[in-house]
Amino acid sequence: MSTAPQTTFEPKTATGRITNFVDERVGGSGMLREFGRKVFPDHWSFMFGEVALYTFVILLLSGTFLTFFFDPSMAETHYNGSYVPLKGVEMSVAYSSSLDISFEIRGGLFMRQVHHWSALLFVAAVSVHMLRVFFTGAFRKPRELNWVVGGVLLILSMAAGFTGYSLPDDLLSGNGLRIIDGVVKSIPIVGTYISFFLFGGEFPGTVIIGRLYMMHIMLVPALILLMIAIHLFMVVIHKHTQYPGPGRNDRNVVGYPLGPVYAAKAGGFFFIVFGIIAFVAATFTINPIWNYGPYDPSPVSAGTQPDWYIGWVDGALRLMPGWFFNIPMEWHIPFPWGVNTLSFNVLGPALIPAGIVFTALFLYPWIERWVTRDNREHHVLDRPRNVPTRTAIGVSGFIFYCVMWAAASSDLIATHFQVSLNDVTYWLRALFFIGPVLGFIVTKRVALALQRKDREIALHGRETGRIVRLPHGEFQEIHAQLDDYKRYKLVGYESPVAEEGIPNENGIVTKKENLRAKLSGFFFEDRVAPATPSELEAGHHHEAIEASDDDKAIKH
């Protein structure tokens with residue numbers, strides 16, 4: 001028996017031979033071929049996640065540049081650089097090196113601002129991406145754990161921003177650390193000990209900048225990279241979600257393959273994001289540390305606000321009263337070893353609002369699944385108007401955050417608009433409680449009204465502005481029927497009905513089941529049922545107009 005000799009592929013170039021050598025040993029071409037066939041749907045809202053990824057890459061690149069020149073030391077020195085107003089001023093080495101980066105290093109100020117603007121955009125992109133996922137229901141099975149990963153990424157992005165914001169050791173960042181020190185010390189019994197160990201002695205100590213530096217360049221970025229890798233892995237495993245439309249269901253994905261379509265688009269989009277950040281960094285000053293001077297614990301500067309993603313915690317502290325209906329918010333609690341002070345007016349606003357937001361964020365996918373008894377896999381997204389209660393909850397939480405965020409600038413609001421600071425605080429306190437409730441009610445009513453409008457358009461067509469006179473003298477407007485694609489968007493959704501409590505095997509409706517039934521009523525009691533096929537057939541008696549004339553697109 002003879003065997004034909006096997007022919008092996010021999011690349012003709014040195015690059016090809018190296019690539020072939022690596023591929024034969026790691027199997028990269030098979031992985032790239034499989035991953036390159038991955039189909040992704042095309043929609044502009046999916047770009048928020050890409051912006052978050054690209055800004056993180058820019059953060060790593062610009063941060064690496066800054067580490068070459070920044071010295072995270074709190075040792076005392078006298079500034080002798082080129083910025084004349086601070087010459088001879090005593091300051092920390094960290095602040096001095098930050099000034100040197102800004103004025104002595106070629107391109108240093110530009111890279112500082114690229115890094116800072118990227119950090120702001122990174123947290124914003126993660127936040128908006130999470131909002132998009134929430135409002136469209138992309139957190140449902142099988143993506144609950146990926147939603148948790150996104151929540152952890154949001155927390156880590158704020159931690160990365162705060163640790164980096166504190167590094168220059170200027171007056172503004174020092175005041176932020178003073179607030180953290182006050183919150184830590186408000187913890188009963190152990191707070192003062194934690195503060196002592198954290199700062200290496202009495203605030204501000206001599207080690208906090210170095211410790212924050214290690215967290216900022218090593219621990220937090222490593223955790224963010226881990227979360228991003230897990231997130232992308234789950235996106236590949238679960239396949240991408242898609243917006244509703246004809247031919248789209250939970251068993252397919254309609255879109256374009258990753259290679260070469262999305263690979264080319266992603267590469268171009270990365271440079272667009274990079275270019276915009278570079279332009280903003282080159283033309284708009286942010287965090288001018290030379291105006292603030294070195295940190296000194298004795299003075300407190302007016303008009304200081306942290307970056308927007310931390311501002312909501314500062315705003316909660318500003319809104320908290322020292323007394324509540326003649327009840328003090330600070331108590332002296334006797335213990336066998338002495339009296340300990342519980343400063344709830346500091347500890348409460350620092351922990352409770354953040355605890356409410358992130359607890360609700362992490363638990364919501366399981367709460368909704370329990371209320372709806374829906375354990376199916378979902379790969380088609382919801383239009384926010386078609387899930388009015390969820391949309392209203394999201395808007396309510398957004399208003400809850402925005403009120404605290406605005407309160408962080410209560411003093412600037414008062415001075416810029418020449419109104420009383422006390423009045424601003426009282427109004428914001430009222431909005432803290434009333435705003436989310438009003439936001440929930442208004443959003444739900446608007447969503448239901450939009451559903452009713454969609455139902456009418458699906459049944460009777462859109463208004464054309466063409467008025468005709470009927471033989472018996474009546475004037476009537478001609479309606480244009482929608483094409484099948486646009487009509488499907490208006491009627492292709494589920495509208496669950498509120499459920500009663502289901503008895504168990506003993507015929508008893510338990511308290512847990514009663515609670516689920518009440519929540520089901522809260523979610524689905526107000527509903528607009530989508531038009532049925534028979535209703536659509538009965539409504540198709542208006543004059544037909546070609547789809548090309550229908551220039552009023554139905555948007556998500």
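The figures that follow rest on heavy atoms only: side chains count, while hydrogens, waters and symmetry mates do not. Worth saying up front: this structure is predicted, and the values here are computed from it rather than measured.
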N/O donor-acceptor pair under 3.5 Å between T464 side chain and I478 backbone:
yes
Please step through side-chain contact (heavy atoms from CB on, under 4.5 Å) for the pair F65 and F110, ending with a clear verdict.
CA-CA 11 Å; F65 174 88; F110 173 74; over 6 Å; no
Under 6.0 Å between ring centres: does that hold for F440 and F522?
yes
Sub-4.5 Å side-chain heavy-atom contact between I289 and R112:
yes
Given the rule in the side-chain contact (heavy atoms from CB on, under 4.5 Å) test, do F40 and F46 qualify, once you have shown the distances and angles that lead to the verdict?
CA-CA 10 Å; F40 286 88; F46 297 146; over 6 Å; no
Are the side chains of I286 and L120 in contact, using a 4.5 Å heavy-atom criterion?
yes
For the residue pair F139 and W147, categorise the inter-ring angle as parallel (less than 30°), tilted (30 to 60°) or perpendicular (more than 60°).
tilted
Measuring from E525:CD to T389:OG1, what's the distance to the nearest 0.5 Å?
10.0 Å
Using salt bridge (charged side-chain N to carboxylate O under 4.0 Å, His left out) as the criterion, list what pairs up with D382, not counting sequence neighbours.
R140, R390
Would you confirm whether the ring centroid of F134 sits within less than 6.0 angstrom of the ring centroid of Y364?
yes
Side chains of residues 228-240: which donor-acceptor partners sit under 3.5 Å, not counting sequence neighbours?
{"residue": "H231", "atom": "ND1", "partner": "N146", "partner atom": "OD1", "Å": "2.9"}
{"residue": "H238", "atom": "ND1", "partner": "M234", "partner atom": "O", "Å": "3.3"}
{"residue": "H238", "atom": "NE2", "partner": "P142", "partner atom": "O", "Å": "3.4"}
{"residue": "K239", "atom": "NZ", "partner": "D250", "partner atom": "O", "Å": "3.3"}

If the condition is side chain to side chain contact (heavy atoms under 4.5 Å, CB included), which residues does V254 pass it with, not counting sequence neighbours?
Q242, R248, N252
To the nearest 0.5 Å, atom CD of E477 lies from atom CZ of R466 at 10.0 Å
Assess the side chains of T532 and S534: does a donor N or O sit below 3.5 Å from an acceptor N or O?
yes
Name all residues meeting the side chain to side chain contact (heavy atoms under 4.5 Å, CB included) criterion together with H115; count only those two or more places apart in sequence or in a different chain, and write none if there are none.
L59, S62, L66, H216
What are the two closest non-hydrogen atoms of S520 and V497, and how far apart are they?
OG-O, 4.3 Å
Step-by-step side-chain contact (heavy atoms from CB on, under 4.5 Å) determination, L225 to F56:
CA-CA 9 Å; L225 281 172; F56 183 67; 3.4 Å; yes
With a 3.5 Å distance limit and no angle check, can you tell me whether R527 reaches the backbone of S495 through a side-chain donor-acceptor pair?
yes
Within-4.5 Å side-chain heavy-atom neighbours: L121 and W117
no
By side chain to side chain contact (heavy atoms under 4.5 Å, CB included) - contacts of K512 (at least two apart)
W370, T510
Under 3.5 Å, which donor-acceptor pairs link side chains of residues 393-403 to any protein atom two or more places apart or in another chain?
{"residue": "S396", "atom": "OG", "partner": "P436", "partner atom": "O", "Å": "3.0"}
{"residue": "Y401", "atom": "OH", "partner": "W308", "partner atom": "O", "Å": "3.2"}

Do the non-hydrogen side-chain atoms of V313 and F162 ever get within less than 4.5 Å of each other?
no
Tell me, yes or no, whether the heavy-atom count around E500 atom CD, taken from other residues, nucleotides or ligands under 6.0 Å, exceeds 12.
no
Taking the side chain as C-beta and beyond, is there a heavy-atom pair between E463 and H479 under 4.5 Å?
yes
Should the pair D526-R445 be classified as a salt bridge under the 4.0 Å nitrogen-to-oxygen rule?
yes
Backbone N/O of A282 and side chain of Q113: donor-acceptor pair under 3.5 Å
no
For E499, enumerate each residue passing the salt bridge (charged side-chain N to carboxylate O under 4.0 Å, His left out) test, keeping only those at least two apart in sequence or located in another chain.
R373, R516
Among residues two or more places apart or on two chains, list those pairs meeting salt bridge (charged side-chain N to carboxylate O under 4.0 Å, His left out) that have a residue in residues 254-281.
D42-K265
Contact list for residues 141-157, test salt bridge (charged side-chain N to carboxylate O under 4.0 Å, His left out), sequence neighbours left out
E144-R369
Let's go through R383 and T391 carefully: what are the C-alpha distance in whole Å and the side-chain angles of both, what is the deciding distance for side-chain contact (heavy atoms from CB on, under 4.5 Å) to 0.1 Å, and is it a yes or a no?
CA-CA 10 Å; R383 295 179 75 203; T391 302; over 6 Å; no
Any side-chain heavy-atom pair of L219 and M214 under 4.5 Å:
no
Not counting sequence neighbours, which residues clear side chain to side chain contact (heavy atoms under 4.5 Å, CB included) with I155? List them please.
F358, F362
Is there side-chain contact between I101 and M111, with heavy atoms separated by less than 4.5 Å?
no
With distance as the sole criterion, is a donor-acceptor pair present between the side chains of Y309 and D307 under 3.5 Å?
yes
If you count heavy atoms of other groups shown closer than 6.0 angstrom to CH2 of W405, is the number above 12?
no
Side chains of P257 and Y262: closer than 4.5 Å at any heavy-atom pair?
no
So, S409 side chain and A406 main chain: donor-acceptor pair closer than 3.5 Å or not?
no
Hey, does the side chain of T55 reach the backbone of A52 with a donor-acceptor pair shorter than 3.5 angstrom?
yes
Test side-chain contact (heavy atoms from CB on, under 4.5 Å), reference S166, set I180, L172, L212, output is L212
List the atom pairs, with distances to 0.1 Å, where a side-chain N or O of residues 123-132 and a protein N or O form a donor-acceptor pair under 3.5 Å, not counting sequence neighbours.
{"residue": "S127", "atom": "OG", "partner": "V123", "partner atom": "O", "Å": "2.8"}

State which residues pass ring-ring contact (aromatic ring centres under 6.0 Å, His included) with F270; sequence neighbours excluded, sorted by chain then number.
Y54, F274
Roughly how far, to the nearest 0.5 Å, is CZ of F524 from OG1 of T372?
5.5 Å
